[in-house]
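What follows is a short report on a single structure.
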Amino acid sequence: MNSTWKTPLVFTLALFTAALLQMTVAHALQIRQAQPDFLLLLLATGSFFCDANPAALLGFGTGTAAASLAAPPAAGFASIVVSRVITGFALGWLAKNLYRDLPLLVPPVAAIGTALASCLFFVFFPQKQVTHWAVNMAGASLYNALLSLPLYFLLSRLLGRPDSS
Amino acid sequence: MPEDRWRSRWRYWPLPLLMLLGIVLGVLHNRAVRLHQPDPTILLVQNILALPARLTTATVKWTSRHTGWLLNGYSLAKQNRKLQARLSALKAENNSLQTEADRGVRLSKLLALYQQHPKSVAARVIALRPDPNFDTILLNKGSSSGIHVHSVVITPDGLVGQVYQTTPFTSSVVLLTDPNGMVSARVQRPDSRAIGLCKGSFSPILSMIDLPATADIKPGDAIITAGFGIYPPGIPIGTVLSVAPDRSDVNKVAQIEPAAHFNRLDDVLVLQ
């Protein structure tokens, strides 16, 4: 397949799958209050395979999907989208300029990326239940760190190692 | 070169553009919620995902029902392979029958509830709390089935919440446990007419606030909807666990254990 189309196609399919898993499986995998955030997992891990701009676009896609699934009853839609755009951009930029293709860094980056998106969301849309938010963030960060390496190797297989792209 | 400098400066132009687009989507969403209209973005995303989500949920349930015994059998086989195989098969059969029986009981309860509320729609939960920052669920029926914003969602156990967004084929429901979910409630005891407001705080326990200090309410009291606002009267909300003075010491606040099981929502009824 033409490599120009391969990456967007793989990420579009991955986005669809992540949104579907978030809808149907994420809550069932809950341990205590921790549940994975498949969309943030895709964003953090996918950023290893993108430059800053495509990663920001991936952040926009995952943010829009997450916000549409959560469909916040009050405000909060834009906060979810913008927090993920910024997170995607930051992780994509760091991956490109700082730590490109270091698989050992994938779990910490997934955890930090998840935490960063949650913190930005908190800044844009302060939560009254701070403990609830903090426990969710910590749980999702740990969960995403655990799931990040398998996803990284799957994406490497589909797209090639980041350094060879 | 000035041209290179200009290019370098505008290299990251998609970032502000995407942020701006996100803000525009947020403004459109807030406007849609305020005007009780469907949000086009949510409409698009939920409609794309609704059918695959239904299929995935059904597949996961079918698989766990029909192959779960294999996983259980593996550990027992170490002790007694032959006996375990028999035991696993019986367990699987029992689980299957129990699941069907539970579902039958649940559906018969739902049917009984439906007969009490003939103008209602039975719906299935296709996403439970997709974002942990909001206590919301997604139903597989929407405006094409007659569900509209402010439709009340119940189970045979009690009140679940209210619809706040609809698309033709899905509805988003804010649960009572979400801080945005609030309902006027009263004690269901003939000698008490205590009225307050039940509100959520992401906790499995609800709070009943705005109770006067003289309110006659005690642990064990059943709490039902008072009938003010969009919620019809008499729907069970929960049971009082404890009563204490609030921070101001002027009113009381009661802790309520919800009647509905918010972590095990499967089939619900949407009142029209």
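Below, chains carry the letters A, B, ... as their sequence lines are ordered, and counting in each starts from 1. Scope of the values below: all heavy atoms of this structure, side chains included, with no hydrogens, waters or symmetry mates.
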Taking C-beta and beyond as the side chain, do B:Val270 and B:Val173 meet within less than 4.5 Å on heavy atoms?
no

Sort B:Leu43 into side chain, backbone, both or neither according to what part of it lies under 4.5 angstrom from a heavy atom of chain A.
neither

Residues that A:Cys50 engages under side chain to side chain contact (heavy atoms under 4.5 Å, CB included), provided they are two or more places apart
A:Phe11, A:Pro54, A:Ala55

Under a 4.5 Å heavy-atom cutoff, which of A:Phe77, A:Phe121, A:Phe60 has the most pairs with chain B?
A:Phe77

Looking at A:Leu104, I'd like to know if its CG atom is crowded, meaning that more than 12 non-hydrogen atoms belonging to other residues, nucleotides or ligands lie closer than 6.0 Å.
no

Between the CG atom in A:Leu158 and the OG1 atom in A:Thr7, the distance rounded to the nearest 0.5 Å is 10.0 Å

Those residues that, when tested against A:Ala14, pass side chain to side chain contact (heavy atoms under 4.5 Å, CB included) (two or more places apart)
A:Leu42

Counting C-beta onward and ignoring hydrogens, is there a side-chain heavy-atom pair between B:Leu15 and A:Val85 closer than 4.5 Å?
yes

A:Phe16, part contacting chain B, at a heavy-atom distance under 4.5 Å:
both

Contact check, side chains of B:Phe202 and A:Val135, non-hydrogen atoms, under 4.5 Å:
no

Which of residues 150-157 of chain A have a heavy atom under 4.5 Å from any heavy atom of chain B?
none

Let me know if A:Ile80 has heavy atoms under 4.5 Å from chain B in its side chain, its backbone, both or neither.
side chain

Present all donor-acceptor pairs from chain A to chain B with distances below 3.5 Å, rounded to 0.1 Å.
residue: A:Gln22; atom: NE2; partner: B:Pro130; partner atom: O; Å: 2.9
residue: A:His27; atom: NE2; partner: B:Arg129; partner atom: NH1; Å: 3.4
residue: A:Asn53; atom: ND2; partner: B:Arg11; partner atom: O; Å: 2.9
residue: A:Ser68; atom: O; partner: B:Gln46; partner atom: NE2; Å: 3.0
residue: A:Ala70; atom: O; partner: B:Thr136; partner atom: OG1; Å: 3.4
residue: A:Ala70; atom: O; partner: B:Tyr164; partner atom: OH; Å: 3.1
residue: A:Ala71; atom: O; partner: B:Tyr164; partner atom: OH; Å: 2.0
residue: A:Pro72; atom: O; partner: B:His29; partner atom: NE2; Å: 3.0
residue: A:Trp93; atom: NE1; partner: B:Tyr12; partner atom: OH; Å: 3.2
residue: A:Asn136; atom: ND2; partner: B:Pro132; partner atom: O; Å: 3.2

With chain A, which of B:Ile23, B:Leu25, B:Val33 has the greatest number of heavy-atom pairs at distances under 4.5 Å?
B:Leu25

Any side-chain heavy-atom pair of B:Leu49 and A:Leu69 under 4.5 Å
yes

Check: B:Phe262 and B:Leu176 side chains under 4.5 Å, non-hydrogen atoms
yes

Which bit of B:Leu17 comes within less than 4.5 Å of chain A, counting heavy atoms only: side chain, backbone, both or neither?
neither

Using heavy-atom distances under 4.5 Å, tell me whether B:Phe134 contacts chain A through its side chain, its backbone, both, or neither.
side chain

Atom pair CD1/CG of B:Ile209 and B:Leu197 - distance to nearest 0.5 Å:
5.5 Å

Should A:Leu15 and A:Leu39 count as side-chain neighbours, where that means a heavy-atom distance under 4.5 Å?
yes

pair A:Pro36-A:Leu41: side-chain heavy atoms closer than 4.5 Å
no

Within a strict 4.5 Å, meaning less than it, do heavy atoms of the B:Leu138 and B:Pro130 side chains meet?
no

